[in-house]
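Here's the structure we're looking at; comments come further down.
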Amino acid sequence: MNGSETLAFPTIGIVLLGGISDPARRYPLHNSAGIAYTSEDQDIYTRTKLFYSTEQSITINGKRVDPDDPRTPLHILSKYASNSGGQKGKLSVYSENRGIISGSSDAGAAALARAAEEMFCINDMRMLENDFRSISESVGRSLLGGLTVTELVDGIPLTTRLLGPEDFDNYVIVAFMFSADRNPSDTIHRNVVKSPNYAQRINSTAKKCLILKELAAKKDIKGIYELAMGDTEEYHALLESVEVKVITSQMRALVQKLKEERDNFWRSYIVTGGTNVFVVAEKKYAAELQELARSLNIQSKRLKVAGAARVYMNF
């Protein structure tokens, strides 16, 4: 095999992550959870090729990256390649995002990890996940797909899948997409740990992940999204206490409207680190949510829960 081409899907936080061990390993400092997503037409994903070539190259979204840049994944890939033996040339990467609204680093890391797993016959999935965590701290969510929880076990992160995409079939996520500058994730990670309430956040996320497991066992999808909505409010209050503001006045106005009109039909919302409000409802109310977006002149997109990173083809 000369190469592997893979697909992976971006993610949305359910129990949101803020705070990592260091910029290199990017281990999370507390438990978290998330879901992988794509569009109803499945045209939201990252597509990645990992292959041997005569000249080493790394191309990300059409831009060439210096292979000697210390932030490239070649140090991880080279380790796996040297262990596998039988190298056929120089490792190269071609990766592109399609239609991703948020969570592109998760999908990019997972697509590359899945390709490395395939090419180098890696069996240790925990090692694989934590090696590629240096690219994205939430890589496990995209690797496994569906609803996942990431917990610290003896100080080492471990991601477990709780539910598959099929368990969410009766629900839709409508992304309300706002135009604003996004806070880089490292800005969030660097500042949130300065809060005097951060220790409480660590305890809170541990409890929420236990509750999430119970809700998943009962397939209580509304309960899962209710928990996510509550976590959104806790998380952003913590961020704003350290002067990192993600939810703009326009986003907050939409959230308030969603709260006020909740008697019309059940809905929940999630705001992660980007400039989107993800609104969840039963699928039969999708058109009403998109009509709300049109009435407010906000761009929207219907989403659904996606599956695991997968091999598209080997060559």
Side-chain angles (χ1 to χ4, degrees), residues 11-21 26-35 37 102-103 106 137-138 140-141 147-152 157 159-160 162-163 171 173 175-176 178 180 182-216 220-262 266-281:
T11 71
I12 300 169
I14 295 294
V15 176
L16 298 165
L17 174 60
I20 56 174
S21 60
R26 304 188 74 84
Y27 280 13
L29 294 179
H30 62 72
N31 295 355
S32 63
I35 52 173
Y37 76 89
S102 180
D106 296 352
E137 59 273 14
S138 304
R141 298 177 185 175
L147 170 69
T148 55
V149 61
T150 301
E151 300 168 290
L152 295 174
T159 301
T160 305
L162 301 180
L163 292 175
Y171 293 84
I173 304 167
F176 286 66
F178 291 81
R182 177 191 172 120
N183 279 293
S185 61
D186 282 343
T187 298
I188 292 173
H189 292 313
R190 186 172 58 250
N191 285 282
V192 71
V193 296
K194 299 175 184 177
S195 169
N197 296 321
Y198 190 70
Q200 294 177 25
R201 177 65 180 166
I202 293 174
N203 292 333
S204 172
T205 55
K207 291 175 183 176
K208 287 178 182 178
C209 286
L210 288 175
I211 295 170
L212 186 67
K213 287 181 176 181
E214 294 172 359
L215 294 169
D220 183 353
I221 305 303
K222 283 187 178 180
I224 289 167
Y225 284 127
E226 290 276 355
L227 183 147
M229 181 169 60
D231 194 67
T232 281
E233 292 297 336
E234 179 181 294
Y235 179 77
H236 288 282
L238 189 66
L239 287 184
E240 290 178 12
S241 75
V242 291
E243 300 183 354
V244 178
K245 187 173 182 180
V246 173
I247 301 179
T248 65
S249 57
Q250 293 87 356
M251 293 166 71
R252 181 59 70 185
L254 171 63
V255 166
Q256 190 59 37
K257 190 174 183 65
L258 291 168
K259 289 179 178 178
E260 291 171 355
E261 298 180 1
R262 206 161 183 239
W266 178 88
R267 81 285 299 271
S268 178
Y269 58 84
I270 301 167
V271 182
T272 59
T275 58
N276 311 289
V277 177
F278 297 100
V279 184
V280 184

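We count residues from 1, following the sequence as given. What you are looking at is a predicted structure, and each value in this text was computed from that prediction instead of being measured.
Minimum interatomic distance between Tyr198 and Gly19 (heavy atoms only, all atoms of both residues): OH-CA, 3.5 Å. In terms of heavy-atom proximity, Ser138 sits nearest to Leu17 at OG-CD2, 4.2 Å. The shortest non-hydrogen separation linking Tyr235 to Leu16 is CD2-CD1, 3.4 Å. When all heavy atoms of Val15 and Asn31 are compared, the closest pair comes out as CG1-O, 4.1 Å. The two atoms that bring Arg182 and Gly274 nearest to each other are NH1-CA, 3.6 Å, heavy atoms only. Closest heavy-atom contact between Gly13 and Arg141: CA-NH1, 3.5 Å.
Remark: Phe176 CZ to Asn276 CG distance equals 11.5 Å, nearest 0.5 Å. To the nearest 0.5 Å, atoms OG1 (Thr11) and OH (Tyr37) are separated by 8.0 Å. Note that the CZ atom of Arg190 and the CD1 atom of Ile20 stand 10.0 Å from one another [nearest 0.5 Å]. Rounded to the nearest 0.5 angstrom, Ile270 CD1 and Ile173 CD1 are separated by 6.5 Å. To the nearest 0.5 Å, atoms CD1 (Ile35) and CD1 (Ile224) are separated by 9.5 Å. Atoms CD1 and CG, on Ile188 and Asn191 in that order, are 9.0 Å from each other to the nearest 0.5 Å.
Shown here are the salt bridge (charged side-chain N to carboxylate O under 4.0 Å, His left out) partners of Lys257, two or more places apart in sequence or in another chain: Glu261. Thr232 meets the side chain to side chain donor-acceptor pair (under 3.5 Å) test with no other residue; sequence neighbours excluded. Contacts of Leu162 classified as side chain to side chain contact (heavy atoms under 4.5 Å, CB included), with partners at least two apart in sequence or in another chain: Leu147, Val149, Leu212, Lys213, Ala216. Judged as a side chain to side chain contact (heavy atoms under 4.5 Å, CB included), and not counting sequence neighbours, Leu210 has no contacts. Listed by chain and number, the residues in a salt bridge (charged side-chain N to carboxylate O under 4.0 Å, His left out) with Arg201 are Asp231, Glu234 (sequence neighbours excluded). Residues forming a side chain to side chain donor-acceptor pair (under 3.5 Å) with Lys207 (at least two apart in sequence, or on another chain): none. With sequence neighbours left out, Gln250 forms a side chain to side chain donor-acceptor pair (under 3.5 Å) with Thr248. In this structure, Asn203 has no side chain to side chain donor-acceptor pair (under 3.5 Å) partners at least two apart in sequence or on a different chain. Checked against side chain to side chain contact (heavy atoms under 4.5 Å, CB included), Ser268 has the following partners two or more places apart in sequence or in another chain: Tyr225, Met229, Trp266, Val280. When the salt bridge (charged side-chain N to carboxylate O under 4.0 Å, His left out) test is applied to Arg252, the partners found at least two apart in sequence or on another chain are Glu233. With sequence neighbours left out, Asp220 forms a salt bridge (charged side-chain N to carboxylate O under 4.0 Å, His left out) with no residue at all.
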In residues 236-247, what donor-acceptor pairs under 3.5 Å come from side-chain atoms, sequence neighbours left out?
unit_1: His236; atom_1: NE2; unit_2: Val271; atom_2: O; d: 2.7
unit_1: His236; atom_1: NE2; unit_2: Thr272; atom_2: O; d: 3.1
unit_1: Ser241; atom_1: OG; unit_2: Leu238; atom_2: O; d: 2.5

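A 4.5 Å side-chain heavy-atom check between Leu254 and Tyr269 finds every atom pair outside the cut-off. Taking the side chain as every heavy atom from C-beta outward, Ser185 and Glu137 approach each other to under 4.5 Å.
One N or O on the side chain of His30 and one on the backbone of Gly18 form a donor-acceptor pair closer than 3.5 Å.
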